[in-house]
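Worksheet for the structure shown next.
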Number of protein chains: 2
Amino acid sequence: MAQPTMQQVAERAGVSLALVSLVMRQAPNVSDYRRQLVLDAAEDLGYRPNVLARNLASRQTSTIGVVLNDIHNPFFAEIIDGIQAAFDEAGYRVLIGNGKRSPSGEAEMIETFLQFRVDGIISAGATMSMSSIEAASESTKMVVVGRSSRSQLIDSVNTDDVSGARMAVDHLIELGHHRIAHIDGGTGAGAEARRRGYSEAMTDHGLSAEIVTACGDFTESGGYLAASELLSQSSQPTAIFAANDLSAVGALHRLEDAGLTVPDDVSIVGYDNTALAAMQHLSLTTVNQPRDELGCLAVKFVLERLRDERTDPVHHMVAPTLVKRKTSSRLTTGAPT
Amino acid sequence: MAQPTMQQVAERAGVSLALVSLVMRQAPNVSDYRRQLVLDAAEDLGYRPNVLARNLASRQTSTIGVVLNDIHNPFFAEIIDGIQAAFDEAGYRVLIGNGKRSPSGEAEMIETFLQFRVDGIISAGATMSMSSIEAASESTKMVVVGRSSRSQLIDSVNTDDVSGARMAVDHLIELGHHRIAHIDGGTGAGAEARRRGYSEAMTDHGLSAEIVTACGDFTESGGYLAASELLSQSSQPTAIFAANDLSAVGALHRLEDAGLTVPDDVSIVGYDNTALAAMQHLSLTTVNQPRDELGCLAVKFVLERLRDERTDPVHHMVAPTLVKRKTSSRLTTGAPT
DNA sequence: TTAGGGAATTAGAGCGCTCTAATTACTCTA
DNA sequence: TAGAGTAATTAGAGCGCTCTAATTCCCTAA
């Protein structure tokens, strides 16, 4: 498993170690003749630069770590696309870490990335404490996506979840619903804001007495359980606003199991507008988060920091939009009580 | 962003650099007294080991890279779970790379991992050429999952896709179907074997004249398009066997768009048994690939190589099982022609 | 012919760590 | 109390690269 080194390439090409280094770094001021000599020697030997050594010496890795809160949630898989494309273009490579939906899992991944001395870290949907994230920012450029923040140290990009949630609720109210329940995201990123948007919208429409929140956790099974809870209550909702698509799907299943029809008996609105929601078979009404935009902005912020173009923190909010599909419809009389 | 080094910890603790190194590596034969001294100093300074330097010197990273063919395909996200759990236990950390469903994307990720000198790489659903993968195996321990291989250099773990495909077809034939079409996976991993299993099963039942294959690519949109193609043919199928769940879902949507009912008009069977297929709303009949087992075996093989317990290649095949759900049913007379 | 100047090349000192070998500090026995 | 044996500690070389400064080369202009 011994790998050829620059030294060996240099010897084979009959030049100095330093010249090989210059060629590998595509430095200017290297004659075409020797450049080719080095390239050929490297090719012959199957030389591959050792990033560890390179970065030990140069103090940078040209690598960005992205920590995903949950690799199973399509929302995060989708946000990766924009991030990856933008970094590819800028000449950085991206490594992905799975936070396993737990603060400790995220912390471990961040620690791993820090030990690898990545140039920057983007944390998507982090659930760990802001202070832990800030601690990491002492060692690298950190940007948080999909979570609100007012940190003085870290940039953040996220969707205006309060207004997103309001849109969802307003939509249901427009359709004539009053008994609108919310399945929340527990301690997940954005859960608090969506909960607040829900309450505010309900209150604004004089429906504060109808506010009912069931605990979820951004997973399908969490949504299923939460829907069970809602069904067991004396006054069943005619509409449900779930904190994300995954839990909306879980709730949908629970309602179907109970013999209820969506949207005829109960309307459901999700959040995220993942590919899941877009599936025609589901066709979930949901709130769109512009993932590409979120990803691109996050990258932009990291790059700005990397290039020392800015030191003050930026907190950007992008506007959500409502996507009306087939799981929400006008309240019909004779809905279950 | 300057990070404290071992040297600084040593000075603060009043001991030698070497001793700090021993403490960090949890070596025995260090007195409790000095160990504490070092630990305290490290804590005070916020010291974090530099993996780059550590591994440059020790020639190992305790890190495994996992290249996923497509981070959007739930199958791969699910296979990660088993892999991660097994490596956590063995004291390795795992980094994930997204192959972006292209051989070049996979190659780039493998190259990145190699440059980081990871101790091993697991490639899930690789579509790149076997020879490229073998080239990588000269520099690290490589194991391939979800793709058949007879390589003399690389271990592989995969499902017996030929028999998996046969199960799907046999099931449909048992239900009375004859005109069974296949939406294949193009050049994707396992696509060839599934295609072969389909053909063999059809031939065995004297249905070789009914063999119809539409080209897919393991994505939902690919399945949608392939189904369009099948619908436009003069003799429409009464059942479709899709090469994976994602394309089965795509086909399902196409059929629904055409006003057909599944399974009454057309039965559909997928492959993988992802969470998607299990969703009650879809309830897709599919062929289960034991992802946990695949992941654990892959890890086992990597670890064996890492511990030099074995040098001969191992090719393990696990048995698939049929999961009957609601998208397949007995052929009813009066099916579309 | 030669000084000057820019381009091309190289020497050599690190980067932060591990690891072998050597040294020093103890403990126990005779 | 010396000597042996073991435990604890340290010196120092080296991992594969980058980077600054120094050197060499080559071309032009006087």
Side-chain angles (χ1 to χ4, degrees), chain A residues 1-39 41-42 45-63 91 112 114-119 139-140, chain B residues 1-39 41-42 45-63 111-112 114-119 139-140:
Chain A
M1 296 273 154
Q3 300 266 37
T5 68
M6 267 196 181
Q7 185 61 54
Q8 295 172 36
V9 175
E11 279 162 18
R12 183 172 187 117
V15 300
S16 72
L17 207 203
L19 219 223
V20 178
S21 173
L22 288 176
V23 172
M24 290 304 157
R25 279 177 286 150
Q26 342 227 41
N29 295 346
V30 173
S31 64
D32 286 348
Y33 173 68
R34 311 232 171 178
R35 181 187 302 281
Q36 202 51 55
L37 230 48
V38 169
L39 257 20
L45 256 32
Y47 172 75
R48 175 167 9 241
N50 182 331
V51 179
L52 304 191
R54 184 204 293 257
N55 304 147
L56 216 211
S58 70
R59 245 145 297 197
Q60 48 159 7
T61 50
S62 299
T63 302
T112 294
L114 287 179
Q115 291 189 9
F116 269 93
R117 300 298 195 263
V118 294
D119 293 342
S139 316
T140 194
Chain B
M1 295 271 153
Q3 300 265 34
T5 69
M6 266 196 182
Q7 185 61 56
Q8 295 172 35
V9 175
E11 279 162 18
R12 183 173 187 114
V15 300
S16 71
L17 208 204
L19 218 223
V20 177
S21 172
L22 288 175
V23 172
M24 290 303 158
R25 280 178 285 150
Q26 346 226 37
N29 295 345
V30 173
S31 65
D32 286 347
Y33 173 65
R34 313 232 168 179
R35 179 186 304 279
Q36 203 51 54
L37 232 46
V38 169
L39 257 20
L45 257 32
Y47 171 75
R48 171 164 15 239
N50 182 330
V51 179
L52 305 189
R54 182 204 293 256
N55 303 148
L56 216 213
S58 70
R59 245 146 294 209
Q60 48 159 5
T61 50
S62 300
T63 302
E111 180 65 26
T112 294
L114 287 179
Q115 290 189 8
F116 270 93
R117 300 296 195 264
V118 293
D119 293 342
S139 316
T140 193

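First the proteins, then the strands, lettered A, B, ... as listed; each starts at 1. From a predicted model like this one, the values you see are computed outputs, not experimental measurements.
Taking 4.0 angstrom as the limit, B:S16 places a side-chain polar atom (N or O) nearer than this to OP1 or OP2 of D:dT10. Side-chain nitrogen and oxygen atoms of B:S31 include at least one within less than 4.0 Å of the OP1 or OP2 phosphate oxygen of D:dT9. Using a 4.0 Å cut-off, some side-chain N or O of B:R25 falls inside it from OP1 or OP2 of C:dC19. Between A:R59 and C:dC15 there is no side-chain polar atom (N or O) within less than 4.0 angstrom of OP1 or OP2. Neither OP1 nor OP2 of C:dC17 sits under 4.0 Å from any side-chain N or O of B:S21.
With rounding to whole Å, B:E11 atom CD is found 13 Å from D:dT10 atom P. Taking atom CD of A:Q36 as the reference point, atom P of C:dT9 lies 13 Å away to the nearest angstrom. Distance CG (A:L52) to P (D:dT18): 12 Å, rounded to an integer number of Å. Between A:Q26 atom CD and C:dA8 atom P there is a gap of 16 Å when expressed in whole angstrom units. Going from atom CG of A:L37 over to atom P of C:dA8 covers 16 Å, rounded to whole Å. The distance from atom CE of B:M24 to atom C1' of C:dG16 is 13 Å, rounded to the nearest whole Å. Protein atom CE of A:M6 is 8 Å distant from nucleotide atom C1' of D:dT18, rounded to whole Å. Per the geometry, CG belonging to A:L19 stands 16 Å off P belonging to C:dG12, to the nearest Å.
A:L22 comes within 4.0 angstrom of a nucleotide base, judged by non-hydrogen atoms across all strands. Residue A:Y33 is out of contact with every strand shown, counting any heavy-atom pair closer than 4.0 Å. At the heavy-atom level, A:V51 lies nowhere under 4.0 Å from the strands shown.
Checking B:R117 against B:P28, the closest nucleotide of DNA chain D that is more toward the 5' end is the one next to B:P28. Between B:L17 and A:A57, the residue anchored closer to the 5' end of DNA chain D is B:L17, taking for each the nucleotide with the nearest heavy atom.
Comparing atom distances between the B:L56 side chain and each of C:dC15, C:dG16, C:dT18 picks out C:dG16 as nearest. When each of C:dC19, C:dT9, D:dC17 is scored by its nearest atom to the side-chain atoms of A:N50, the top-ranked nucleotide is D:dC17. Of the candidate nucleotides D:dA7, C:dA11, D:dT10, D:dT10 has the atom nearest to the side chain of B:R34. Closest to the A:N29 side chain, of the nucleotides C:dC17, D:dT18, C:dA7, is C:dA7. Considering only side-chain atoms of B:A18, the nucleotide from D:dC19, D:dA11, C:dT18 that sits closest is D:dA11.
A heavy-atom distance below 4.5 Å is found between the side chains of B:R34 and B:L19. Side chains of B:N50 and B:Q3 form no contact here, defined as non-hydrogen atoms less than 4.5 Å apart.
Screening A:V23, A:V15, A:V20 for a side-chain contact (heavy atoms from CB on, under 4.5 Å) involving A:V30 leaves a single residue, A:V23. Put simply, the residue from A:T140, A:N55, A:D119 that forms a side chain to side chain donor-acceptor pair (under 3.5 Å) with A:T61 is A:D119.
Taking both residues in full, the closest heavy atoms of A:R117 and B:P49 are given as NH1-O, 3.2 Å, listed atom of the first, atom of the second, then distance. B:P4 and B:G46 get closest at one heavy-atom pair: CG-O, 3.6 Å.
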